[in-house]
Amino acid sequence: MSKRKSSDSLENGPKKNKPNGHWSMGLLAAIDDPKLFIESDDLIHIIRDKYPKAKFHYLVLPKEDITSIKSVTSTHLSLLKHMEQVALELISRDKHKESTFKIGYHAEPSMSRLHLHVISDDMNSESLKTKKHWNSFTNDFFLKSEDVIKDLEKNGKIILPPREVCKKLMETPLKCHKCDVKPKNMPELKKHIVTHFNR
DNA sequence: GTTCTAGAAC
DNA sequence: GTTCTAGAAC
């Protein structure tokens with residue numbers, strides 16, 4: 001009998017794949033949206049995140065049909081390095097001179113097609129609304145690109161936190177990413193973080 | 001991933 | 001009474 005198929009088919013269930021119109025396919029549509037598209041090269045696309053969680057929030061996606069970080073293997077190492085280089089070049093541009101950035105992957109992404117988040121660390125955006133939004137960029141749910149690449153080089157695969165750990169990370173009480181303040185809810189957090197970039 | 005909204009929290 | 005969070009969405 002045949003072995004189990006790829007992790008992709010496990011994620012999507014044994015019976016059906018996600019239809020193209022499903023929300024989890026939204027990034028593929030975003031590439032074709034002139035409002036979001038920025039540029040491409042031979043291997044990747046750069047787009048704006050449709051719901052930016054900071055002043056600047058971009059996504060770098062491979063043209064190759066890689067569903068998510070869960071299906072990345074050593075064979076993709078040079079591609080991941082390229083994606084990181086593209087991200088570094090992007091943040092070096094003049095319009096980003098005043099910002100610092102984080103570059104990385106979500107441990108448990110919701111949207112299909114592997115995507116590298118390139119996000120300024122102000123975290124000041126109307127689209128940032130929930131605890132899950134906050135935690136997904138400010139704790140270990142956010143896997144830094146350099147760490148993912150190191151992992152792949154050292155271990156031959158990416159060590160992803162188990163589902164239960166991801167769940168815990170999402171439920172982590174709110175904490176400022178720049179100091180020890182622990183706001184009691186999202187509105188307070190959003191009021192607090194702006195104090196870090198007033199000068 | 002977002003939207004909507006019931007009911008918890010205040 | 002209003003604000004806020006969290007779970008359903010066929």
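Just so it is clear, the structure is predicted and the values come from calculations on it, not from any experiment. Naming: A, B, ... by sequence-line order, numbering from 1 per chain.
Residues forming a side chain to side chain contact (heavy atoms under 4.5 Å, CB included) with A:Lys81 (at least two apart in sequence, or on another chain): A:Leu77, A:Ile149, A:Glu153. A:Thr130 meets the side chain to side chain donor-acceptor pair (under 3.5 Å) test with A:His133; sequence neighbours excluded. Applying the side chain to side chain contact (heavy atoms under 4.5 Å, CB included) rule to A:Lys35 yields the partners A:Asp33; only residues at least two apart in sequence or on another chain are considered.
Residue-level contact check: A:Lys129 touches the backbone only, with heavy atoms under 4.0 Å from sugar-phosphate atoms and none from bases. In this structure, A:His133 reaches the sugar-phosphate backbone alone: every heavy-atom distance under 4.0 Å involves primed, P, OP1 or OP2 atoms, never a base. At a threshold of 4.0 angstrom between heavy atoms, the contacts of A:Lys131 with the nucleic acid are absent.
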**Study point:** Which nucleotides of DNA chain B pair, in dot-bracket form (Watson-Crick or G-U under 3.5 Å, | meaning another strand)
**Key:** .|||||||||
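The pair A:Glu171-A:Lys167 meets the salt-bridge criterion, with a side-chain N (NZ, NE, NH1 or NH2) lying under 4.0 Å from an Asp/Glu carboxylate O. The pair A:Arg113-A:Asp65 meets the salt-bridge criterion, with a side-chain N (NZ, NE, NH1 or NH2) lying under 4.0 Å from an Asp/Glu carboxylate O. At a threshold of 4.0 Å, the pair A:Arg93-A:Glu39 counts as salt-bridged, since one of the basic side-chain nitrogens sits closer than that to a carboxylate oxygen.
The side-chain heavy atoms of A:Tyr105 and A:His117, taken from C-beta on, include no pair separated by under 4.5 Å. Side-chain contact between A:Val118 and A:His57: absent, with no pair of heavy atoms (C-beta onward) separated by less than 4.5 Å.
In this structure, the side chain of A:Glu64 does not engage the main chain of A:Leu43 through any donor-acceptor pair within 3.5 Å.
More than 12 non-hydrogen atoms from other residues, nucleotides or ligands lie less than 6.0 angstrom from CD of A:Glu89.
Taking every nucleotide of DNA chain C with any atom under 4.0 Å from a non-hydrogen atom of chain A, the first and last of them, 5' to 3', are C:dC4 to C:dT5.
Contacts between residues 179-190 of chain A and DNA chain B, defined by a heavy-atom separation under 4.0 Å, are absent.
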